[in-house]
Each structure stands twice: as C-alpha cells, then as structure tokens.
Amino acid sequence: MKKDINSKGFTLAELLIVIAIIAILVAIMFPVFSGGIEKSREAKDAANVRSAYGELMATVVMEDKTAAYNGTTIYNNGVYSVTVKLDQKVDDWQGNVSNIGGVNKGDDNWIGIPVSGGTCTVSYDSTNGLIIRWSGTGNSANIKPTYSTKTAWTYDNSDGKGAIGKTLSQVQADKGWPSMVTAVNKLLTAKDVGPGDTIRIAGSETYVNFKLGFFIVDSDMTIKYDSGAISVGYNAKDYVLPTDLPEGYQVAIQIIGKTTGIAPTIEQAEAIYNLISIVKN
C-alpha cells in the first residue's frame with residue numbers, strides 16, 4: 001500500500017510573521033540588556049571612585065605628601081586629589097548612585113555629572129572639605145551652576161574688634177594686611193552696583209582658597225558694612241548688597257593671600273578680581 005506523505009512546508013507569509021515576531025522580541029529585550037550592561041559599567045565606576053576616595057583620605061590622615069595614585073602625586077599645593085577615568089558610555093547616572101564619601105548628589109561639593117569618556121576627581125582641602133567633581137564634555141551643556149548666597153553683612157562693632165566705623169587704612173593697619181593684600185584695591189561705585197544688587201564670585205579651580213573681602217564705605221571711606229573674608233571656591237558665591245546703602249557709597253574689594261602673611265601677586269589679584277560680576281536687582 002502506498003503511504004500518503006504530507007510534504008507541505010511553511011508559506012512565505014508564515015515565515016515573515018515569525019521573523020517579525022522575533023524582531024519585535026529583540027527590540028524589546030535589547031534596551032533591557034544594554035541598560036544592564038551600562039549599569040554594570042556605572043557600578044564599576046562608582047566602586048573605583050569609592051576606592052580612590054578611601055586611598056585619598058588615608059593619605060590625608062597620614063599627612064603623606066609623597067604618595068601617588070596611578071603615577072600622579074596626590075598632594076599638591078595644599079590640596080589632595082586623585083582622578084579616576086570612567087568606563088560608562090552614557091551621560092549621567094542610569095542607576096542609583098547618589099553618595100560617595102558622605103557627599104550627596106545635589107550638594108555643593110558634588111559637581112557635574114558623569115559622562116561618556118569623562119573622569120571623576122576626588123579632592124580634599126581644609127577649607128572646602130571633600131569635593132566630588134565629574135568632568136567631561138557633556139557637563140557644559142547639562143550642568144547649571146549653583147550658588148551659595150549670603151545676604152547678612154556685619155554692620156555692628158559694639159565690641160570694638162570689627163571693621164565697622166573704621167577707615168580702610170585703619171583696618172589694614174589693625175589686621176596687618178599690608179603684607180597680605182595686594183596693591184590692587186578695586187572700588188565699585190554707584191554706577192557699578194546699586195541697593196539689592198548681587199556681587200557674584202565665579203568658582204575657580206586655579207584660585208581656590210584665595211580670599212577676598214568686600215567693604216561698603218561712605219564718602220569719607222569709613223566702613224559701614226563688612227562681608228568678612230570670603231574664600232574663592234569651586235562653586236560660585238553670591239553676596240547680595242543691603243538696600244540701605246550710605247550716601248556716596250562705594251564697595252571696596254580687597255584680594256587676600258592664600259596663606260597668612262603672603263600676598264597674591266598683581267597678576268593673581270587681577271585674575272581673582274575678574275571672577276567678580278554684578279547681577280542687577
């Protein structure tokens with residue numbers, strides 16, 4: 001007896017349907033798969049940064065000024081720092097990394113975002129504490145500057161130890177500032193700043209820890225308001241002028257040395273002065 005064999009195969013339409021289903025499944029799974037790979041890169045980067053932080057702080061505690069990280073000396077001119085190259089391929093965090101060494105994402109000392117091909121520099125100095133700085137080409141477009149704002153100025157000298165009520169020359173003599181302040185003493189007039197305007201000091205890596213001070217003086221150069229010494233930091237700082245400024249007021253800006261007894265050079269003072277801008281009220 002002859003056996004009847006069904007030799008019918010898949011039609012072209014059926015094959016196309018199967019291929020389409022497979023393509024849809026691949027499209028659905030690929031982002032999940034690639035996202036998992038990116039998160040693993042981020043986890044590796046975060047672990048490397050935390051390890052670098054541990055090595056940095058050990059160097060700080062031991063006050064070791066000769067230790068090196070990846071061939072680069074950790075200590076330089078009062079600042080301890082290490083730099084880690086990042087492996088991630090996507091800008092910003094895809095996972096949940098928000099704290100390194102007690103510095104939280106969103107803090108003033110957490111600067112920038114991680115970017116593809118970027119780096120993370122972990123630094124410490126006695127003035128600014130621990131800084132986590134993410135660097136790379138993606139940061140200029142994605143990061144908005146942050147500002148710490150001060151509106152309270154010293155205007156009382158009841159104990160006789162402050163600058164209020166004294167002239168600029170008296171304060172310089174009292175504080176021994178001739179050896180600490182450069183000859184560059186800038187004066188902002190009413191044409192430059194008005195009541196309630198903001199004096200903004202841009203952040204600077206080059207001049208971090210240098211200091212400057214603002215005195216608001218009247219027409220006799222007697223100090224009416226004192227900002228106190230302000231350290232130039234990694235982030236910008238805002239100082240809002242009082243609204244009740246004296247008649248004929250001027251704002252004196254004096255650049256103070258990074259180390260007590262040592263004045264900045266004229267070039268350094270000019271560069272620090274150029275960090276200042278005015279935001280009108």
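All residue numbers in this chain count up from 1 along the given sequence.
With sequence neighbours left out, Tyr75 forms a ring pair (Phe, Tyr, Trp, His ring centres under 6.0 Å) with Tyr80. Applying the side chain to side chain donor-acceptor pair (under 3.5 Å) criterion to Asn48, with sequence neighbours excluded, gives no partner residue. Residues passing the side chain to side chain donor-acceptor pair (under 3.5 Å) test with Asp218: none are found, sequence neighbours excluded.
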Determine whether Gln268 and Phe210 satisfy the following criterion, side chain to side chain contact (heavy atoms under 4.5 Å, CB included), listing intermediate values before the conclusion. CA-CA 9 Å; Gln268 288 172 330; Phe210 279 90; 3.8 Å; yes

Starting from the C-alpha separation in whole Å, work towards a yes-or-no answer on side chain to side chain contact (heavy atoms under 4.5 Å, CB included) for Ile199 and Ile278. CA-CA 5 Å; Ile199 302 175; Ile278 305 300; 4.0 Å; yes

Quick one: do Ile132 and Leu130 satisfy side chain to side chain contact (heavy atoms under 4.5 Å, CB included)? Show the steps, please. CA-CA 7 Å; Ile132 308 294; Leu130 183 66; 4.3 Å; yes

Give the C-alpha distance, both sets of side-chain angles, the deciding distance and a yes or no for side chain to side chain contact (heavy atoms under 4.5 Å, CB included) between Leu212 and Ile201. CA-CA 10 Å; Leu212 65 162; Ile201 311 165; 4.1 Å; yes

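The shortest distance between side-chain heavy atoms of Tyr273 and Ile253 falls below 4.5 Å. Counting only heavy atoms from C-beta outward, the side chains of Val84 and Tyr69 approach each other to under 4.5 Å. Side-chain atoms of Ile272 and Val232, non-hydrogen and from C-beta on, do get closer than 4.5 Å to each other. Side-chain contact between Val251 and Leu241 is present, with heavy atoms from C-beta onward closer than 4.5 Å. Annotation: side chain of Leu86 is in contact with side chain of Cys120 (closest heavy-atom distance under 4.5 Å). Residues Phe214 and Ile276 are in side-chain contact: their nearest non-hydrogen atoms beyond the backbone lie under 4.5 Å apart. Between Thr222 and Val217, the closest side-chain pair of non-hydrogen atoms is not below 4.5 Å. Side-chain contact between Ile22 and Val18: present, with at least one pair of heavy atoms (C-beta onward) separated by less than 4.5 Å.
Across all non-hydrogen atoms, the minimal contact from Ser123 to Val79 is CB-CG1, 4.1 Å. Shortest non-hydrogen contact noted between Gly194 and Tyr249 is CA-OH, 3.4 Å. Across every non-hydrogen atom of Gly196 and Val240, the tightest pair is O-CG1, 3.7 Å. Counting all heavy atoms, side chain and backbone alike, Gly112 lies closest to Trp134 at O-CD1, 3.6 Å. Here the closest heavy-atom approach between residue Gln88 and residue Val115 is recorded as CG-O, 4.3 Å. In this structure, Ile216 and Pro246 approach most closely via the heavy-atom pair CG2-CD, 4.0 Å.
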Could you list the donor-acceptor pairs under 3.5 angstrom formed by side chains in residues 56-64, with sequence neighbours left out?
residue	atom	partner	partner atom	Å
Thr59	OG1	Glu55	O	2.9
Asp64	OD1	Thr66	N	2.9
Asp64	OD1	Thr66	OG1	2.8
Asp64	OD1	Ala67	N	3.2

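Counting only N and O atoms by type, the side chains of Asp244 and Tyr225 include a donor and acceptor under 3.5 Å apart. Donor-acceptor pairing under 3.5 Å is recorded for the side chains of Thr121 and Thr83.
How far CD1 of Ile164 is from NZ of Lys224: 9.0 Å, rounded to the nearest 0.5 Å. Ser81 contributes atom OG, which lies 7.0 Å from atom CG of Asn76 (distance to the nearest 0.5 angstrom). In this structure, Gln250 CD and Asp192 CG are separated by 9.5 Å, a value rounded to the nearest 0.5 Å. Note that OG1 of Thr243 is 11.5 Å distant from CG of Asp197, once rounded to the nearest 0.5 Å.
Residues Ile24 and Leu16 fall into different hydrophobic clusters, defined by Ile, Leu, Val, Met, Phe, Trp and Tyr side chains chained together at heavy-atom separations under 4.5 Å. Linking ILVMFWY residues whenever their side-chain heavy atoms come closer than 4.5 Å, directly or via other members, places Ile230 and Leu275 in the same cluster.
Among residue pairs with one or both ends in residues 38-62, none qualify as ring pair (Phe, Tyr, Trp, His ring centres under 6.0 Å); sequence neighbours excluded. Within the structure, every pair that satisfies the salt bridge (charged side-chain N to carboxylate O under 4.0 Å, His left out) test and touches residues 66-89, not counting sequence neighbours, is listed here: Lys44-Asp87.
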